[in-house]
Amino acid sequence: MPTVRIATWNVNSLHARLPRLEEWLGIARPDVVCLQETKCGDDSFPTMAFTTLGYEAVHHGEGRWNGVAILSRVGIDAVVDGFADGGESDGEARLLTATCGGVRVATTYVPNGREVGHEQWHRKLGWLRRLRDHLDAVASPDDDVVLCGDFNVAPDDRDVWDPQRCHGGTHVSPEEREALAHVLGWGLVDTLRVRHPDDALYTWWDYQAGAFHKHWGMRIDLLLASRSLSDRLEWVLVDRNARKGTKPSDHAPFVAQFGPG
DNA sequence: ATGGTCGAGTATCGA
């Protein structure tokens, strides 16, 4: 397998972000791009914009909320919308799986949870448990596998500017972190931490109160890779430049490059 | 630029 560069980005509305995304694809030149929060229906997904740039695309859209997509210039096969664990659909567009250039790629937008103890928070925990069952259904830990997206969980206190000031405790609660660790326990490595064991690197900053410039952020966008891939990890990047300028998403893209194998 | 979120969609909710 040749070198492959894979990116994940919560764009917070694909239509609102399309100019920034098109610009960024030309700069970052990823082979595979996973998008979350497209907030558009399949009928308004801008396929041609990506074709023009050399990318095939698949989209699992819903309309007003959620929505996930995979763009690839190394092929897209074996596409699965949502959970493949044999259970019922959860009714929201938060998970999409495809094989791109020999890598089994799954991208996810994990429910936010709202508040610790909220009905939606319990749903979030169940959703993360189900995510591991989904991996069992679509891949083997011995394969080249990437699971990436907006997990809405900061794995560790290193991953937040202030653990006491996050969302009334969501994103940092022990229960959420355990649920995320259970997903990693399937056989995945948090690629950013391979290269940056202790750095305070965030991927999301609130639009409000100048949070980005104050470094009030969290690392909730992750790119997890199976061992066969993580052994070939060459570099990773949180592209903070994409969080600056005109009409940015509140998330920065994260990129990981894997060498030939 | 003396305030200070954004997006969808058009009132208000979700993040």
Side-chain angles (χ1 to χ4, degrees), chain A residues 8-24 33-46 49 59-69 82 90-96 107-128 131 148-155 159-173 175-177 179-180 202-222 238-254:
Chain A
T8 183
W9 195 4
N10 180 324
V11 291
N12 185 18
S13 169
L14 183 52
H15 290 306
R17 215 63 59 214
L18 193 56
R20 294 296 303 261
L21 176 58
E22 291 174 314
E23 173 192 38
W24 186 79
V33 187
C34 296
L35 304 175
Q36 303 86 36
E37 279 205 89
T38 60
K39 292 184 175 176
C40 69
D42 290 329
D43 56 355
S44 69
F45 185 81
H59 181 232
H60 181 32
E62 183 181 320
R64 185 172 182 182
W65 308 113
N66 310 312
V68 284
D90 77 329
E92 295 186 332
R94 295 180 174 275
L95 179 62
L96 183 61
T107 189
T108 184
Y109 174 48
V110 174
N112 175 286
R114 307 222 184 140
E115 293 175 28
V116 172
H118 192 281
E119 177 185 2
Q120 287 293 322
W121 182 77
H122 290 288
R123 172 170 174 252
K124 179 181 190 176
L125 298 178
W127 211 94
L128 283 164
L131 193 51
C148 64
D150 177 357
F151 287 78
N152 272 316
V153 181
D159 300 308
V160 295
W161 89 101
D162 183 346
Q164 307 307 315
R165 293 173 66 181
C166 294
H167 291 255
T170 65
H171 297 63
V172 298
S173 72
E175 292 89 344
E176 287 164 71
R177 286 174 169 172
L180 176 63
Y202 309 138
T203 62
W204 172 88
W205 301 262
D206 200 304
Y207 282 124
Q208 300 182 65
F212 179 67
H213 299 287
K214 296 172 184 169
H215 306 292
W216 292 354
M218 296 195 285
R219 189 173 71 94
I220 56 178
D221 300 273
L222 311 176
V238 178
D239 192 352
R240 298 178 78 260
N241 286 325
R243 181 62 179 80
K244 304 173 184 174
T246 305
K247 284 178 77 72
S249 171
D250 46 354
H251 296 251
F254 177 75

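Just so it is clear: chains get the letters A, B, ... in the order the sequence lines come, proteins before strands, and each one is counted from 1.
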One character per nucleotide, please: for nucleotides 1-9 of chain B, 5' to 3', B when the base has a protein heavy atom closer than 4.0 Å, S when only the sugar-phosphate does, - otherwise.
----BSBBS
Expressed in whole Å, how much space separates the [atom1] atoms belonging to [N] and [M]?
| N | M | atom1 | value |
| --- | --- | --- | --- |
| B/dA11 | B/dC6 | C1' | 16 Å |
| B/dT10 | B/dG14 | P | 15 Å |
| B/dG7 | B/dG3 | P | 23 Å |
| B/dG9 | B/dC13 | P | 16 Å |

Contact check, side chains of A/Asp150 and A/Val110, non-hydrogen atoms, under 4.5 Å:
no
Pi-cation contact, A/Trp216 with A/Lys214 (under 6.0 Å, within 45°)
yes
Separation of atom CG in A/Asp150 from atom P in B/dA15, rounded to whole Å:
11 Å
Taking CD from A/Glu119 and C1' from B/dG14, how many angstroms apart are they, rounded to a whole number?
15 Å
Give a yes or no on whether a salt bridge exists between A/Glu175 and A/Lys124, defined as a side-chain N under 4.0 angstrom from a carboxylate O.
no
Could you walk me through whether A/Asp221 and A/Tyr202 pass the side chain to side chain donor-acceptor pair (under 3.5 Å) check?
CA-CA 8 Å; A/Asp221 300 273; A/Tyr202 309 138; over 6 Å; no
Tell me if the centroids of the rings in A/Trp205 and A/Trp161 come within less than 6.0 Å of each other.
no
Side-chain donor-acceptor pair under 3.5 Å between A/Thr170 and A/Glu176, yes or no?
no
